[in-house]
Amino acid sequence: MSAAFRLGIIGGGRMGRTHLRALADSQDVVCVAVAEPFEPSADELREQGYTVYATVAELLAAGGIDGVIIAAPTDQHLELAVQVIEAGVSVLCEKPFGLSSPAAREAAALAVERGVALQIAYWRRFIPELVTLREDIATGKLGAVQLLICSQWDEAPPAASFRNHSGGLFLDMGVHEINQMLWLLDERVVDVTAVAGPVSTDPQAPEDFDSAQALLTLEDQSTVMVSLGRYYPGGDVVTAELFGSKGHRLVEVVSPATGEAPQLEALRLQAEAFARFARGGACEGTTAIEAADVIDIAQQLTDSARIAVLSD
């Protein structure tokens with residue numbers, strides 16, 4: 001039996017701590033250190049027994065890690081990934097992989113050049129029910145795909161400090177649905193249109209939509225609807241519903257009833273798959289090139305929604 005894969009986590013905020021909870025019971029992956037500059041958060045993590053460094057440079061210089069999870073704010077993802085890759089350490093980076101698809105592709109090329117693994121953390125690929133749905137679509141069990149509806153509504157909006165650096169609703173939330181759609185259907189997007197709901201009810205984040213809906217046409221003429229929102233009282237809800245010529249499937253990925261349990265399990269499976277990738281196996285998750293394609297589509301949807309708002 002091989003030794004546990006040693007992970008460092010960059011960012012000890014909400015998502016970083018979610019990863020820590022997810023990995024608590026893993027036998028294959030262990031978090032050995034965290035990089036967190038905000039001292040109150042760093043102190044809390046130290047009290048929980050983690051070694052905490054104030055900077056990423058200190059984390060990397062200390063050594064003793066086989067890879068990192070980047071869970072810092074969105075607009076830092078790409079810069080941090082490049083820093084870690086240049087240090088020769090494998091990276092599992094939270095989504096989205098930055099806010100620029102050309103820069104994401106450059107980082108992907110750098111990882112290949114340096115011989116390190118680079119995977120983007122789209123955890124839906126590790127939800128068993130979605131894996132089964134993908135297999136059933138590929139084998140024709142559900143017939144010709146007519147419509148796929150991907151929905152994600154959060155219980156409440158994040159803080160304005162996050163929203164103002166997230167890239168907006170489609171780059172923050174919608175990238176999950178876009179990645180999921182491309183993975184499930186394995187078809188190229190040929191047309192997109194989007195409409196935004198009310199502009200943010202938070203005066204501190206006036207440029208971010210509170211909700212948005214999108215319609216995407218694929219190369220085989222099937223249709224995908226994406227529904228995003230920041231208000232679902234009771235808890236987050238994520239669903240995927242497929243209508244085929246031979247069958248129908250509704251997958252409840254996350255709901256108020258399940259809480260975060262499905263996500264935590266998927267995050268554990270994702271980290272363990274990343275460990276296999278970093279040790280020379282195949283990438284079982286989302287590649288950086290795939291993630292760059294997702295950014296392109298998310299930006300197209302953002303532009304479409306903004307045009308719709310301006311035309312009103």
Side-chain angles (χ1 to χ4, degrees), residues 95-96 101 119-153 169-171 173-197 211-229 232 236-255 258 262-263 265-266 269-270 273 282-305 307-308:
K95 61 79 196 167
S101 58
Q119 180 177 322
I120 313 307
Y122 285 101
W123 54 267
R124 307 264 186 89
R125 295 193 179 198
F126 297 90
I127 293 289
E129 294 84 356
L130 290 177
V131 172
T132 299
L133 174 59
R134 182 173 186 258
E135 292 169 351
D136 289 346
I137 292 169
T139 59
K141 184 175 182 179
L142 298 171
V145 174
Q146 307 296 309
L147 173 67
L148 174 65
I149 304 174
C150 300
S151 299
Q152 180 185 177
W153 283 70
L169 195 64
F170 282 110
L171 277 160
M173 295 174 64
V175 288
H176 265 307
E177 319 317 311
I178 296 165
N179 181 265
Q180 177 178 281
M181 166 201 73
L182 295 173
W183 172 67
L184 285 173
L185 302 181
D186 194 25
E187 289 285 345
R188 189 173 65 88
V189 174
V190 296
D191 188 56
V192 305
T193 186
V195 294
S211 63
Q213 323 306 319
L215 189 68
L216 302 95
T217 304
L218 305 186
E219 198 165 29
D220 67 352
Q221 296 304 303
S222 58
T223 303
V224 177
M225 293 177 60
V226 172
S227 179
L228 306 171
Y232 192 84
D236 298 349
V237 62
V238 175
T239 61
E241 186 171 16
L242 185 128
F243 296 83
S245 60
K246 294 182 181 179
H248 164 265
R249 189 77 52 80
L250 173 62
V251 177
E252 187 178 77
V253 180
V254 172
S255 73
T258 66
Q263 180 188 18
E265 176 65 7
L269 293 172
Q270 175 182 252
C283 182
E284 302 168 47
T286 300
T287 68
I289 294 299
E290 290 173 324
D293 293 341
V294 170
I295 293 171
D296 281 334
I297 297 170
Q299 190 59 61
Q300 291 172 36
L301 290 170
T302 300
D303 293 343
S304 177
I307 290 171

* Residue pair Arg125, Glu284: steps toward the salt bridge (Lys or Arg N to Asp or Glu O under 4.0 Å) verdict -> CA-CA 9 Å; Arg125 295 193 179 198; Glu284 302 168 47; over 6 Å; no

Would you check if Asp136 and Arg249 make a side-chain contact, meaning some heavy-atom pair closer than 4.5 Å?
yes

Are the side chains of Thr286 and Trp183 in contact, using a 4.5 Å heavy-atom criterion?
no

Give the intermediate values and the outcome of side chain to side chain contact (heavy atoms under 4.5 Å, CB included) for residues Val253 and Trp123. CA-CA 11 Å; Val253 180; Trp123 54 267; 4.0 Å; yes

Donor-acceptor contact below 3.5 Å, side chain Ser222 vs main chain Leu218
no

> So, do Met181 and Val226 sit near enough that their side-chain heavy atoms are less than 4.5 Å apart?
Replying inline: no

The reported gap from CG in Leu182 to CD in Glu187 (rounded to nearest 0.5 angstrom) is 10.0 Å

Between Val254 and Pro262, the two heavy atoms sitting closest are CG2-CB, 4.5 Å

Q: Would you please test Gln221 and Thr217 for side chain to side chain contact (heavy atoms under 4.5 Å, CB included) and show each step?
A: CA-CA 6 Å; Gln221 296 304 303; Thr217 304; 4.2 Å; yes

Shortest non-hydrogen pair, Met173 vs Gly229, comes out as CE-O, 3.3 Å

Of all heavy-atom pairs linking His176 and Gln152, the shortest is CB-NE2, 3.9 Å

Is it the case that more than 12 heavy atoms not belonging to Asp186 sit under 6.0 Å from its CG atom? no

One should read off an interatomic distance between Glu241 CD and Leu148 CG, to the nearest 0.5 angstrom, of 9.0 Å

### Message
Using a 3.5 Å distance criterion without hydrogens, assess whether the side chain of Gln146 forms a donor-acceptor pair with backbone atoms of Ala144.
### Response
yes

One should read off an interatomic distance between Asp191 CG and Leu216 CG, to the nearest 0.5 angstrom, of 8.5 Å

Within a strict 4.5 Å, meaning less than it, do heavy atoms of the Leu142 and Lys246 side chains meet?
no

Distance col, row Gln213:CD vs Thr193:OG1, nearest 0.5 angstrom, shows 11.5 Å

Counting only heavy atoms not in Tyr232, do more than 12 fall under 6.0 Å of its OH? no

Shortest non-hydrogen pair, Ile127 vs Ala266, comes out as CD1-CB, 3.8 Å

All heavy atoms of Ala194 vs all of Ser304, minimum pair found to be N-OG, 2.9 Å

Open item on the list: When you compare the side chain of Leu147 with that of Val224, does any pair of heavy atoms fall below 4.5 Å?
Closed with: no

OH (Tyr122) and CD (Gln270) are apart, to the nearest 0.5 Å, by 11.0 Å

Could you walk me through whether Val145 and Leu184 pass the side chain to side chain contact (heavy atoms under 4.5 Å, CB included) check? CA-CA 11 Å; Val145 174; Leu184 285 173; over 6 Å; no

Can you find a heavy atom in the side chain of Asn179 that is under 4.5 Å from one in the side chain of Arg124?
no

For this session: For side chain to side chain contact (heavy atoms under 4.5 Å, CB included), just list the numbers for Asp293 and Ile297, CA-CA rounded to whole Å, side-chain angles, deciding distance to a tenth of an Å, and then say yes or no.
Result: CA-CA 7 Å; Asp293 293 341; Ile297 297 170; 5.6 Å; no

Taking every heavy atom of Glu177 against every heavy atom of Cys150, the minimum-distance pair comes out as OE1-CB, 3.7 Å

Note to self: Given 3.5 Å as the limit, does a donor-acceptor pair link the side chain of Thr302 with the main chain of Phe170, or not?
What the structure shows: no

*asked:* If you define the side chain from C-beta out and look only at heavy atoms, does anything of Val294 sit under 4.5 Å from Pro96?
replied: no

To the nearest 0.5 Å, atom CD of Gln180 lies from atom CG of Leu185 at 9.5 Å

Could you verify whether a donor N or O on one side chain and an acceptor N or O on the other, from Asp296 and Gln300, lie under 3.5 Å apart?
no

